[in-house]
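Proteins come first, then strands; the chains are lettered A, B, ... in the order of their sequence lines, and each starts at number 1.
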2 protein chains.
Amino acid sequence: MRYAYNVYEDRCPTRLVLDRLADKWALLILDRLEDGPVRFNHLRRDIKAISQKVLSQTLKKLERDGLVTRTVYPTVPVTVEYALTPLGRALAETAAALTHWAEHNMDAILAAQAAYDAAVMER
Amino acid sequence: MRYAYNVYEDRCPTRLVLDRLADKWALLILDRLEDGPVRFNHLRRDIKAISQKVLSQTLKKLERDGLVTRTVYPTVPVTVEYALTPLGRALAETAAALTHWAEHNMDAILAAQAAYDAAVMER
DNA sequence: AAACATGGTTTCCAATGGATACTGAGGAGA
DNA sequence: TCTCCTCAGTATCCATTGGAAACCATGTTT
């Protein structure tokens, strides 16, 4: 065994982390922050169809995990900027591989789904 | 734009794929299948705390997406083997990066959580 | 005075997730 | 023979989660 942790084990803390990272919205947020800090409502507009509640909740969890920072500027109205920490940046690169894989291999997956559904229909 | 798809867009099919891949259990299954075919109950035992229902459902979705194959051997009792397709293998390598990142960076995340919780307490 | 911006919280309902029990065919052990 | 065990799943129920929409405070613009 190379690491002290084993994600196959129940009750291993890595399971908690995997739970966090295996989240569509968290991956999209991390990906979106790679180019630099972004404000709350800007994220909301960029990541289509995310709700305010889920965005807020997800950002809080990412902040707690030390993956993003939250900075408040006392402007009027208040400005809140979210940015990646070094740890978050490392993860974002890994996460980007997943989202980009999805974009890249979409056609193959759609074809597989169509074939599967056709096979189920004629069964 | 490099690809025809954009995961930030609502209603883009990549969102469906991301939804599928951003799933703790799917990632663990793909990871577990990297070393070769595995039977249903073997997966169930290896991936601690997964329920039969969720394992069954997740495998079906992965099969529909063309990421795993399901092969039935008419033994007694019946043997069902799950294996990665070439497409699934490519994804498993990407997914492995995530699970291994979780194992690797666990200590930093636990420390961040403790610091965050302490800050919240004294606030 | 009404509308819009900021960054959220609250509320409600539908969908999802997990725990548990059950199936059913066949083999092994008592 | 009777009971238990294995295989690979379904079926059922309840708690948690997710998303839609309304609401909040503060301040600027029209």
- Any side-chain donor paired with an acceptor under 3.5 Å for A/Tyr5 and B/Asp107? yes

- Message: Has B/Thr94 got a side-chain atom pairing as donor or acceptor with A/Leu98's backbone, closer than 3.5 angstrom?
- Response: no

- Do B/Thr99 and A/Thr14 touch side chain to side chain, with heavy atoms closer than 4.5 Å? no

- Stepwise side-chain contact (heavy atoms from CB on, under 4.5 Å) check, A/Glu93 with A/Glu34: CA-CA 8 Å; A/Glu93 284 162 24; A/Glu34 272 208 285; 3.6 Å; yes

- Residues in contact with DNA chain D, drawn from residues 19-28 of chain B - heavy-atom cutoff 4.0 Å: none

- Item | Common cluster, B/Leu33/B/Leu87, ILVMFWY with side-chain heavy-atom separation under 4.5 Å | yes

- Task: May I ask you to decide if B/His100's main-chain N or O and B/His104's side chain share a donor-acceptor pair within less than 3.5 Å?
- Result: no

- Item | Spacing of B/Ile47 atom CD1 relative to C/dG18 atom C1', expressed in whole Å | 15 Å

- Does the side chain of A/Thr71 come within less than 4.5 Å of A/Tyr82's, by heavy atoms? no

Pairs: protein N or O with nucleotides 9-13 of chain C N or O, under 3.5 Å:
from: C/dT9; atom 1: OP1; to: A/Lys60; atom 2: NZ; distance (Å): 3.0
from: C/dT9; atom 1: OP2; to: A/Ser56; atom 2: OG; distance (Å): 2.8
from: C/dT9; atom 1: OP2; to: A/Lys60; atom 2: NZ; distance (Å): 3.2

- Note on the structure: Ranking A/Val54 and A/Val76 by the position along DNA chain D of their nearest nucleotide, the one closer to 5' is A/Val54

- Query: For C/dG8, does either OP1 or OP2 sit under 4.0 Å from a side-chain N or O belonging to A/Tyr82?
  - Reply: yes

- Query: Between A/Asp117 and B/Arg64, does at least one N-O distance fall below 4.0 Å, as a salt bridge requires?
  - Reply: yes

- Query: In whole angstrom, what separates B/Arg44's CZ from C/dG18's P?
  - Reply: 14 Å

- Task: Output yes when a side-chain donor or acceptor of A/Arg15 lies under 3.5 Å from a complementary backbone atom of A/Val7, and no otherwise.
- Result: yes

- Message: Please identify the 5'-most and 3'-most nucleotides of DNA chain D with any atom under 4.0 angstrom from a heavy atom of chain B.
- Response: D/dT6 to D/dT12

- Flag, side chain of B/Thr58 to backbone of B/Val54, donor-acceptor distance under 3.5 Å: yes

- Determine, step by step, whether A/Gln113 and B/Asp65 satisfy the side-chain contact (heavy atoms from CB on, under 4.5 Å) criterion, reporting the C-alpha distance in whole Å, the side-chain angles of both residues, the deciding distance to 0.1 Å, and the verdict. CA-CA 5 Å; A/Gln113 289 181 347; B/Asp65 288 344; 2.7 Å; yes

- According to a strict under-4.0 Å criterion, is A/Arg45 in side-chain N/O contact with OP1 or OP2 of C/dA5? no

